[in-house]
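Taking it in order: structure first as structure tokens, then the write-up.
Here, residue 1 is the first one in the sequence, and each next residue gets the next number. Note that ligands are numbered from 1 as they come in the structure, with each ligand's atoms numbered from 1 the same way. Just so it is clear, the values below take in all heavy atoms, side chains as well, and ignore hydrogens, waters and symmetry mates.
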Amino acid sequence: MIAPALPAYANEAYADFNVPANRQRQQEAIAAVRGQLGRQYENWIAGRAVQTGEWLESVNPSHPSEIIGRHAKANAEQARQAVQDAHAFFPQWAQTPVEQRVAILTRTAEVLRRRKFEFNAWLILEAGKSFAEAEADTAEAIDFCEYYARQMLRLADPDPIVQLPGEKNEMVYLPLGVGIVIPPWNFPLAILAGTTAAALVCGNTVVLKPSSETPIIAAKFVEALFESGLPERALNLCVGSGSEVGDTLVTHPQTRFVSFTGSREIGLRINELAARPQPGCIWIKRVVAEMGGKDAILVDDDCNIEAAATGVVQSAFGFQGQKCSACSRAIVHQDIYEKFIGVVKAKTEALTQGPAEDPGNYMGPVISAKAKQTISNYIETGKAEGRFITGGATYTGDGYFIRPTIIADVDSKARIFQEEIFGPVLAITKAMDFDHGLTLVNDSDYGLTGAVYTRDRNKLDKARRHFHVGNLYLNRKCTGAMVGAHPFGGFNMSGTDSKAGGPDYLLQFLQAKSIAEKIP
Ligand code: NAP
């Protein structure tokens, strides 16, 4: 039996940037990180640093001429080597006592805690996060490490099973093998850390392929894992474009599972490729795929309009709407429709925007020139599909800025009602009544997050039963899931509902073995 040696889990407290001393520390950390910009980083394959001579340049989306760093780009041969070596090392890592694996996670959490302002600074500069969004990202990474450490201890000492007369009956959880971990850029620390730590603590070896948009934060987290005692061959870092190394990693016969978070298009591709039998592959690969969202907030006529408008604006425009949980559809009761639009418009136009390193800015840039173009195209589509309320115009600086944009009177068949835009664009649609509103929120291929604002208890109960999403929020915003409290994952085309940060999450990276011994 493994005694739980850790104190009870609690979410990491956030630094309050209204406190001048915290703002000061963050600004000092940004200045210190700026002194390290432009360095080269190598991949880590089969226990050693490697490069190909090809480099991927990561830039600051607030100031694209500022180079955050250059990361070595892996090729397909290196991707194959990474899987092969992870497979060779798997038996050793799988046999490492659970307490040692758990201790690596808690030490990693400690490293992140100690260097929190520094990690925030990398997030501010490489991903364009505001101070508060960067703080939430780093705190969530710490939470994932601490939470999965405790969950692994629980699973290492499972609940007893039924004992048959004359037998000793047990069930134990074993790791699976080599996991390919593919996170997105929008939570470049939290999701990357959570998915990597979960796979590792279960005793799997990992090939981590981060997003090409944020490779330097990935390199920094990998440093933290090794600093915390992770064996050199338990983890491979394989930065490279998804299209060049992705298929090699997913289809490799020694790959046992893929843990993906990203777009629907890539998630479905990975799911399909992983399912195809490959010569020499002796298992059905598991795929955990957490994908996009088209998240709605339903605003009823009897709600507190002020609170609902604040919730919609925060959910729609926090981190420039680049969250899978972001509100991109507000479905509003006809009796308060115009009034609500007026309040939301005023709040939106009051949002400050500019370079992310300035704490006065609520909103920063979108991630890349390509994202800016895609979002701008959607805004033009939206202008033809509905009534333009505000936004659209772009900031005149050199960064990838887009003003928060609202389009009203959007039909449920319109593209901006149905397609994930992944930027600061909110569609508003009129509902005849609460039931019609529920029909509209569910008129989507996705089913990730959603919220309802109403004072009516019966309507809240109805939403509990009929609002079909993995994460439902009542009278609060639909972003900001907390590890442990809001296990996260979506329905339908939002993915496999893995419930990251929940008690069932680790089971996806384990297999159960039943053992029955006859008692003489
Ligand atoms: P993405 O374009 O799908 O990329 C996600 C990851 O997949 C990146 O690391 C990317 O690498 C990699 N990739 C691309 N092509 C690949 C291939 N053929 N094989 C293997 N890997 C491949 O998504 P994103 O733009 O980074 O992130 C935004 C999306 O993620 C949105 O749809 C958002 O809703 C979703 N998301 C979902 C959740 C959730 O929990 N449900 C959370 C966060 C984000 P490269 O960068 O090198 O191409």
Margin query: Would you say that E12 contacts K116 through its side chain, given a criterion of any heavy-atom pair below 4.5 Å between the two side chains?
Written below: yes

Note to self: I'd like to check V245 versus Q78 (side-chain heavy atoms, cut-off strictly below 4.5 Å). Are they in contact?
What the structure shows: no

Counting non-hydrogen protein atoms only, what is the nearest one to [atom]? Give residue, atom name and distance.
atom                    : value
atom 32 (O) of ligand 1 : E420 OE1, 2.6 Å
atom 11 (O) of ligand 1 : K209 NZ, 3.0 Å
atom 37 (C) of ligand 1 : M291 O, 3.0 Å
atom 15 (N) of ligand 1 : I266 CD1, 3.5 Å
atom 40 (O) of ligand 1 : F488 CE2, 3.4 Å
atom 39 (C) of ligand 1 : C324 SG, 3.4 Å
atom 24 (P) of ligand 1 : W185 NE1, 3.5 Å
atom 28 (C) of ligand 1 : F422 CE2, 3.5 Å

Next item on the list: For G240, take its heavy atoms, then give the atoms of ligand 1 lying under 4.0 Å from any of them.
Entry: 47 (O)

Checklist line | Geometric N/O contact S212 with ligand 1, under 3.5 angstrom | finding: yes

Next item on the list: Please indicate whether any nitrogen or oxygen in P183 is less than 3.5 Å from any nitrogen or oxygen in ligand 1.
Entry: yes

Next item on the list: Decide whether a cation-pi geometry holds between K129 and F319; the criteria are a distance under 6.0 Å from NZ or CZ to the six-membered ring centre and an angle within 45° of the ring axis.
Entry: yes

Note to self: Pair N11, Y9 - check side chain to side chain donor-acceptor pair (under 3.5 Å), show working.
What the structure shows: CA-CA 7 Å; N11 293 110; Y9 172 79; 2.9 Å; yes

Note to self: Any carboxylate oxygen within less than 4.0 angstrom of a Lys/Arg side-chain nitrogen, looking at D247 and R269?
What the structure shows: yes

Note to self: Is the ring pair Y148/F144 parallel, tilted or perpendicular, if the boundaries are 30 and 60 degrees?
What the structure shows: parallel

Next item on the list: Indicate, as side chain, backbone, both or neither, the part of V250 found under 4.0 angstrom from ligand 1 when only non-hydrogen atoms are considered.
Entry: neither

Notebook entry, point to check: How does F187 reach ligand 1, if at all, at less than 4.0 Å between non-hydrogen atoms: by side chain, backbone, both, or neither?
Noted result: neither

Checklist line | Heavy atom of protein inside 4.0 Å of atom 4 (O) of ligand 1, strictly below | finding: no

Notebook entry, point to check: Does even one non-hydrogen atom of S325 get within less than 4.0 Å of ligand 1?
Noted result: no

